[in-house]
Amino acid sequence: MRFAERRKWFRQLERRSYATSLSVAKFTSSSGELLNLEFTPGLHVISGGNGAGKSTTLGALSRCLGVSTNRERDQFSLPSVPAWLAKLEVSGTHNDTQWSAAMDFVAPELVGDCPAPTFYVNPSSETEQILLQFKEDDSPGDLTEGVDPAPFSEDACQLVSYLLRRNYSSIETYEVTAYSEEDDPVPFFVVSSMGRTYDLMGMGRGELSAIYLVWRLNQIPAGSVVLLEEPESHLAVFSQDALVDTLVKIVIDQNLAVVASSHSPGFFERLPNGSVTMLSALPQPAISSGLSTAAVARHLGIPSRGETICLITEDRLAAEMLRAVLARFDEELLSHTMIWYANSGMSGVRRIADELKAVQGARHQVVGILDGDQRSVAGDKFGYLIGDGAPEVVIRGEFDNWRSGAIQNWSPLLPGGAENLIRALERADGSDGHDWFEAVAKECGGLQVFMSACLDLMCRNEELESQAAVLVSWIRSRHRVADV
């Protein structure tokens, strides 16, 4: 995806003539205080810390705008409204005609309406529900029999590839209606990437959420209002950065008015100033519109791009293990982390870290993360991966324990399940080091998917899980040093 194209989309975001636009939402508290939320065209973000009221604000907007609830997943995930809210009035335009809708939450009573279809979309909870439905089915593959798949368009495939940094040759959707008496379709995704074909049961949560989001938004009619709950959930930091490009393009192409909640500047920091509204709940409710995205990021206490912590590992496999550890134990920290690898052991880590410090000075905190077998050698200047050996040695040992029966009740969330994994392990027996890991990963969904399953297995070992927690805590402490 070319940089010039992305710049063009951002220019069009504010200039496009939208079929539906939101102008202002007026919140009246139970004590009579009036708070205004002013929207920007196309894509507007509601942000704030934990407990600020992002989800409940979307819940109030959902009820005032009359969210389309003919889909079971809309009803499943619709949030509540702020406890302090008595009335809400939302105004805007639709096909050049002014409209307003007012909801009295005390009565309750709705006066007026939004003439545009309105949808609430929560990729995280909706994909969780989808996975649960298919996991509880004895033969989920049978549900697609007799169903013709609908392929993603080439444009949609390219968007997903850009969003996830993975080349997809095809993405197909089987719309399964077996779970709904009203024939409400549940999507079953099958993708082909890097010569492998697998379905949603073998996807990571970030991959599934991204594919689902692109699919879901493309199902929504042009001119609609979309209330979108934390679309960056489960996504790696590079995907959060690409997500805003993806949403801006969809908003423009689909002619949508989207209001998204988010607490991640990595997602919204490149939006035009004024596109993010800041919420707070204590000591009393407050809504701040018209702020710069940089001001919102500072208020949230989240470092800007210039304050990212850089972690250097010994090789690519160590980098993948480190990424999996952070994704499991501290996704927020991962969103402010760059992970690079040296490919030349501890000496390479030292050299690259020293070079980066010399170039970047105090702006970045640069630290080395060594394999576990260096723990007793290199001292407390470095962080250490879990285990007492190189990652591939530690991982292989845990799989040997699993195959021997020493680890019970573990089922890998990998394409083909346990049987495919066992066959892949058997074929790789006799291989050495990195060759072993890469051979198994190639048959089990790729490096990131396989490493996530490896970490899940390793965390069955209390000592390894404790080492992972210590590593994350150590990195977090170094990150705080960088923030001072």
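Sequence positions, counted from 1, serve as the residue numbers for this chain. Computed from a predicted structure; not experimentally measured.
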Rounded to the nearest 0.5 Å, what's the gap from CG on Leu208 to CH2 on Trp215? Could you check? 11.0 Å
On a heavy-atom basis, the closest approach of Ile407 and Trp402 is O-CD1, 3.6 Å
Quick check: closest heavy atoms across Ser161 and Tyr168, and the distance to 0.1 Å? OG-N, 3.1 Å
Output for pair (Gln467 CD, Cys459 SG), nearest 0.5 Å, gives 10.5 Å
For Gly206 and Leu164 the tightest heavy-atom approach is O-CD2, 4.1 Å
Any residue meeting side chain to side chain donor-acceptor pair (under 3.5 Å) with Ser239, in chain and number order, not counting sequence neighbours: none
Just list the side-chain donor-acceptor pairs under 3.5 Å for residues 198-205, sequence neighbours left out, or say none.
{"residue": "Tyr198", "atom": "OH", "partner": "Arg166", "partner atom": "NH1", "Å": "2.8"}
{"residue": "Tyr198", "atom": "OH", "partner": "Glu207", "partner atom": "OE2", "Å": "2.6"}
{"residue": "Asp199", "atom": "OD1", "partner": "Met201", "partner atom": "N", "Å": "2.9"}
{"residue": "Arg205", "atom": "NH2", "partner": "Ser124", "partner atom": "O", "Å": "2.9"}
{"residue": "Arg205", "atom": "NH2", "partner": "Thr127", "partner atom": "OG1", "Å": "2.9"}

Find out whether Asp388 and Val393 are in side-chain contact, i.e. whether some heavy atom of one side chain is under 4.5 Å from a heavy atom of the other. no
Can you tell me which residue pairs pass the salt bridge (Lys or Arg N to Asp or Glu O under 4.0 Å) test with a partner in residues 390-418, sequence neighbours excluded? Arg403-Asp429
Evaluation steps, side-chain contact (heavy atoms from CB on, under 4.5 Å), between Phe329 and Leu471: CA-CA 10 Å; Phe329 288 89; Leu471 171 61; over 6 Å; no
Does the side chain of Val258 come within less than 4.5 Å of Leu247's, by heavy atoms? no
Taken in chain and number order and not counting sequence neighbours, the residues that satisfy side chain to side chain donor-acceptor pair (under 3.5 Å) with Gln240 are Ser264
Quick check against the 3.5 Å criterion: does Arg216 have a side-chain atom that pairs as donor or acceptor with the backbone of Asn122? no
Mind listing the closest non-hydrogen atom pair of Asn167 and Ser193 along with its distance? O-OG, 2.7 Å
Do Ser261 and Glu229 meet the criterion of a side-chain donor-acceptor pair at a distance under 3.5 Å? yes
What's the verdict on side-chain contact (heavy atoms from CB on, under 4.5 Å) for Leu61 and Val225, showing C-alpha distance, side-chain angles and the deciding distance? CA-CA 11 Å; Leu61 291 171; Val225 176; over 6 Å; no
Here the gap from Ile252 atom CD1 to Trp9 atom CH2, rounded to the nearest 0.5 Å, amounts to 8.5 Å
Please list, one pair per line, the donor and acceptor atoms closer than 3.5 Å that link side chains of residues 416-425 to other protein atoms, with sequence neighbours excluded.
{"residue": "Asn420", "atom": "ND2", "partner": "Pro415", "partner atom": "O", "Å": "3.1"}
{"residue": "Asn420", "atom": "ND2", "partner": "Glu443", "partner atom": "O", "Å": "3.0"}

Go through the structure and list residues passing side-chain contact (heavy atoms from CB on, under 4.5 Å) with Arg323, not counting sequence neighbours. Glu320, Leu334, Ile339, Gln448
Angle class for the Phe399/Phe450 ring planes (parallel below 30°, perpendicular above 60°, tilted otherwise)? parallel
Who pairs with Ser344 by side-chain contact (heavy atoms from CB on, under 4.5 Å), at least two apart in sequence or on another chain? Ala342, Arg351
Could you tell me if the side chain of Ile220 sits less than 4.5 Å from the side chain of Gln254, heavy atoms only? no
Does any non-hydrogen side-chain atom of Met458 lie less than 4.5 Å from one of Ile395? yes
So, the side chain of Lys54 versus the backbone of Ala260: is there a donor-acceptor pair under 3.5 Å, distance only? no
For the CD atom of Glu232 and the NE2 atom of His234, what is their distance to the nearest 0.5 Å? 10.5 Å
If you define the side chain from C-beta out and look only at heavy atoms, does anything of Ile386 sit under 4.5 Å from Leu455? yes
List for me each residue that meets side chain to side chain donor-acceptor pair (under 3.5 Å) alongside Asp435, sequence neighbours excluded, and say none if there are none. none
Check whether any side-chain heavy atom of Phe437 sits under 4.5 Å from a side-chain heavy atom of Pro391, and report yes or no. no
Backbone of Ala469 reached by a side-chain donor or acceptor of Ser473 within 3.5 Å: no
I'd like to know if the side chain of His44 and the backbone of Ser275 have a donor-acceptor N/O pair within less than 3.5 Å. yes
Minimal heavy-atom distance between Leu163 and Ala242, with the atoms involved, is CD1-C, 3.9 Å
Using the side-chain contact (heavy atoms from CB on, under 4.5 Å) rule, pick out the option among Leu43, Val259, Leu213 that qualifies with Leu228. Leu213
Cys454 side, atom SG; Leu414 side, atom CG - distance, nearest 0.5 Å: 8.0 Å
Can you list the residues that meet the side-chain contact (heavy atoms from CB on, under 4.5 Å) rule with Thr197, with sequence neighbours excluded? Val190, Ser192
When every non-hydrogen atom of Gly345 is compared with those of Glu314, the smallest separation belongs to CA-OE1, 3.6 Å
Arg316 vs Leu447, side-chain contact (heavy atoms from CB on, under 4.5 Å): CA-CA, chis, key distance, verdict: CA-CA 10 Å; Arg316 182 186 181 191; Leu447 287 178; 3.1 Å; yes
Any chance you could lay out the side-chain contact (heavy atoms from CB on, under 4.5 Å) test for Asp245 and Arg270, step after step, and finish with the verdict? CA-CA 9 Å; Asp245 297 323; Arg270 289 192 290 111; 3.0 Å; yes
Answer whether the closest heavy-atom distance between the side chains of Val45 and Val296 falls below 4.5 Å. no
Asp330 (side chain) donor-acceptor with Leu326 (main chain) under 3.5 angstrom: no
Taking the side chain as every heavy atom from C-beta outward, state whether Thr337 and Leu311 have any atom pair closer than 4.5 Å. yes
Could you measure the distance from the CG atom of Leu322 to the CE atom of Met451? Nearest 0.5 Å is fine. 10.0 Å
Side chain to side chain donor-acceptor pair (under 3.5 Å) pairs, two or more places apart, involving residues 367-383: none
Just jot down the side chain to side chain donor-acceptor pair (under 3.5 Å) partners of Asn461, sequence neighbours excluded, or say none. none
Where at least one partner belongs to residues 449-470, residue pairs that pass salt bridge (Lys or Arg N to Asp or Glu O under 4.0 Å), sequence neighbours excluded: Arg328-Asp456
